[in-house]
Amino acid sequence: MLKHYLFLTAGVVALAAGPLAAQTTNSGTDKFAQMGTELPTPNEYRTASGAPGHAYWQQRADYNIRVKLDDEKQAITGSEDITYTNLSPDALPYLWVQLDQNIMDKNSITTATQVGQLQEKMPFQALDYIQRSDFDGGFKIESVTMKGGAALKHTINHTMMRVDLPTPLKPKQSVTFSVAWHYNINDQLKINQRSGYEFFAKDGNYLYEIAQFYPRMAVYSDFHGWQNKQFLGNGEFALPFGDYRVSITAPSDHVVGATGTLQNPNDVLTSTQRKRLQDAVGAKKPVVIVTQQEAEQAEKGKPKGTKTWTYAAKNVRDFAWASSRKFIWDAMGIKENGNNVLCMSYYPKEGNPLWGKYSTEVVAHTIRTYSKFTIPYEYPVAISVHGPVGGMEYPMLCFNGGRPEADGTYSAERKYGMISVIIHEVGHNFFPMIVNSDERQWTWMDEGLNTFCQYLTEQEWERNYPSRRGEPQNIAAYMATDKSLQTPIMTNSESVLQFGNNAYGKPATALNVLRETVMGRELFDYAFKQYATRWAYKHPEPADFFRTMEDASAVDLDWFWRGWFYGTDHTDLSIEGVKSYTVDSKNPEVENALKRQQINAEPKSISQQRNLQDIPKTLVDQKPDLKDFYNNYDPLAITAADKQRYQQYAKALKPEQQQRLSQGLHFYEVGLKNIGGLVMPVIVQMTYADGTKEVVNIPAEIWRKNNAEVTKVFVTEKPVTAFVLDPYLQTADTDLSNNAYPRQLAPSRFELFEREQRQQQNPMQQQVSSLQKKEEKPLNTAGGTN
Ligand SMILES: [Zn+2]
């Protein structure tokens, strides 16, 4: 009896002392420490707020390019004049030019450092890959000269070329030099690159998706000097902005789509095509410029001579194009913030019915949605091309996969895969084509931010769109994988492990978690727009993003960057236990009755139960003389003294204290453990005895003094019957089984089989079914998405 009395009292005492005394034992690292040496020191070029500084500068490269497509040999011949303007404060004795095609050179570092294994059974394509060095795809540089002048000394180091200038290029000065070259185009279905051709055996025609086709200037910057890290394949590109004028000479019956605006429509388009293009500007749905019928007719023709298409683009970081006589071409104009944007698609008949129905609509939807979340799109066109490249982005133009079966049917997976890849690649116009991060160094800065916006755009395309990335629960399995198989997001592009999850899925999810759970939509959207606005047409670094998101929101996110971007911890929060209390009223009428109830409810021991039968009368029962005061004493009986004591006690209390005693509130001390190590907000759902629910969001700072375990007290008017952590799956918690208190049964099913049947093999049956499987190979297996 005494025991119970002590227990209840102790409860109240512990409650008072708990928040003061406990939980200040952070033995591990301080996960809330401010970012210090991890970020570069702010300077006049980049401020501590994450904005470009007052002395911010960037270089500029303007191009005048002439290329010829050889449809017989699948080769490109080209020449260019590059005007390089030095806006840095430094004199430059030499310039670095990127020769990306040299990744397909016989001696490329990529091939040499490719690791691989041989297996006893390999598909034919595996050998194509191992033997790719047979294909001679590198740039053949014919000449490097001052424009119209003397040869320039140049040194080729794999994918980089140093051009030595006669005199150092001083600040505010420009130099124009010329390069001539040629190279062989890769068969994209055999050698999977970011561009290439596809041969259609049925009609004997080629479709070209052409990029990295010209020697391109490397970036010289305040934060990196020359970005001349070799191109190994994963780390994409770092490119300066400039104006382009590109003339493409192709077979006369080819349709050529490219970055920028067509300069000579009268030379290359029929009057019907020009009229259709005009109609497309204000159209409500895509207008066909070249119909399928016209494209099929062209497929049968033989090329007669050539045509030269001239395109111009202002303030872009790159240029790409596509060419084929197979192209169907459609267009639809939209207005974006007062600008006319012509959304267009080029695709062979093999892409229909998917492409005609969806591609241009998806382009337009993407431009609108991204403009809403970042900055208004200012380029004149946005183009989606269907060909052999699974997914690759360039300014205003991208290459996308997703082809229906030959009979025109397609799976839901193929349809949504195609829509998603178009959203993704068109979305790259914003990251990194406009917000021009250094892809050679950081894949996440464009892929992660872009995949996040892709998720937002998919969800605005169709209710409950099957987005692959963005929902926190979709990344949980990756984050729970062995830490030796993970690298932090802040890892160089070439060294990232689990590329898709690390550089696309995890950063995209991190931003979604920031938006929905840590910052809220209003604060996040404003800060994210601020980042895009500050760094549009400039070169941002990770710190500029991290700093801007805090600067524009007043949310300290250093813990979040540490956890999600610099570490590989995962979320696994657990409810370890719940203690339940109510307040001792001190009123003996109430408390003693309660105590008696509890005592009566206590289980009787097995001996006590049996003794009732085996010992009907104890000795004291038999000899009542042995009884004294204590045999009849009831410690819970209320005496006059008890009542008087209570009255005196109550009288001494202030009114608010009296109210506390009589309120009948419920107190729950919830024990929380951080098993995964990632500090995250604690989202607690309480189910009350009457069936109603309430969700409480506690910021991650609950972990700031002890990031391993904390207790939190909840005070409720109604009794709680169950606690559940993260009921709406907001935190990528990798183990949901420890999220509920009391623990819940997770119903599952197991399969029964007869052992005999399992062990018996039927080689004949297996052979037949594996032959069938091989024939079910999907049509368009080429290429991953980028
Ligand atoms: Zn991408």
Side-chain angles (χ1 to χ4, degrees), residues 100 188 192-196 209 211-212 231-239 259 316-318 320 359 362-363 365-367 369-370 373-374 377 379 382-402 416-458 461 467-470 474-475 478 489 491-494 496 498-512 528 532 535 540 542 545 782-786:
D100 313 274
Q188 172 66 9
N192 181 13
Q193 287 293 331
R194 295 168 195 279
S195 66
E209 294 180 316
Q212 294 86 239
F231 178 39
L232 297 184
N234 274 347
E236 292 174 299
F237 310 113
L239 299 157
T259 300
V316 288
R317 54 164 255 173
D318 201 359
S359 179
V362 177
V363 174
H365 173 67
T366 304
I367 293 296
T369 313
Y370 274 65
F373 285 109
T374 63
Y377 188 74
Y379 290 137
I383 299 168
S384 162
V385 179
H386 177 48
V389 177
M392 187 61 205
E393 67 277 13
Y394 298 94
M396 304 185 218
L397 177 143
C398 53
F399 306 144
N400 301 305
Y416 289 109
M418 174 248 191
I419 293 174
S420 285
V421 79
I422 296 174
I423 293 174
H424 182 94
E425 308 305 345
V426 172
H428 269 305
N429 273 300
F430 297 81
F431 309 100
M433 301 308 157
I434 293 171
V435 180
N436 187 359
S437 57
D438 179 349
E439 298 179 274
R440 183 64 42 90
Q441 183 62 32
W442 308 113
T443 299
W444 71 267
M445 283 196 78
D446 68 302
E447 298 300 352
L449 272 56
N450 181 40
T451 303
F452 164 68
C453 293
Q454 176 195 342
Y455 167 76
L456 299 177
T457 305
E458 287 169 350
W461 171 267
S467 292
R468 193 166 142 226
R469 291 174 170 139
N474 294 355
I475 200 70
Y478 159 73
I489 291 175
T491 299
N492 174 267
S493 304
E494 292 296 345
V496 162
Q498 303 198 60
F499 201 72
N501 282 320
N502 182 297
Y504 294 63
K506 188 177 168 185
T509 310
L511 296 190
N512 197 28
F528 193 67
W535 290 98
F545 176 70
T785 61
N786 295 289

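In listed order, ligands and their atoms are each counted from 1. What's counted below: heavy atoms across the whole structure, side chains too, no hydrogens, waters or symmetry copies.
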### Message
Run the salt bridge (charged side-chain N to carboxylate O under 4.0 Å, His left out) test against D446 and tell me which residues pass, sequence neighbours left out.
### Response
none
### Query
Going by distance alone, is a donor N or O of one side chain under 3.5 Å from an acceptor N or O of the other, for H424 and E447?
yes
### Task
Applying salt bridge (charged side-chain N to carboxylate O under 4.0 Å, His left out), name anything that partners R194, two or more places apart in sequence or on another chain.
E236
### Message
Listing by chain and number, which protein N, O or S atoms are under 2.8 Å from the Zn ion (ligand 1)?
### Response
H424 NE2, H428 NE2, E447 OE1, E447 OE2, N786 O
### Task
Please determine which of V421, I423, L397, V363 meets the side-chain contact (heavy atoms from CB on, under 4.5 Å) test together with S384.
V363
### Query
Between F528 and F452, does the ring centre distance come in under 6.0 Å?
yes
### Summary
By salt bridge (charged side-chain N to carboxylate O under 4.0 Å, His left out), R317 pairs with (sequence neighbours left out) E439
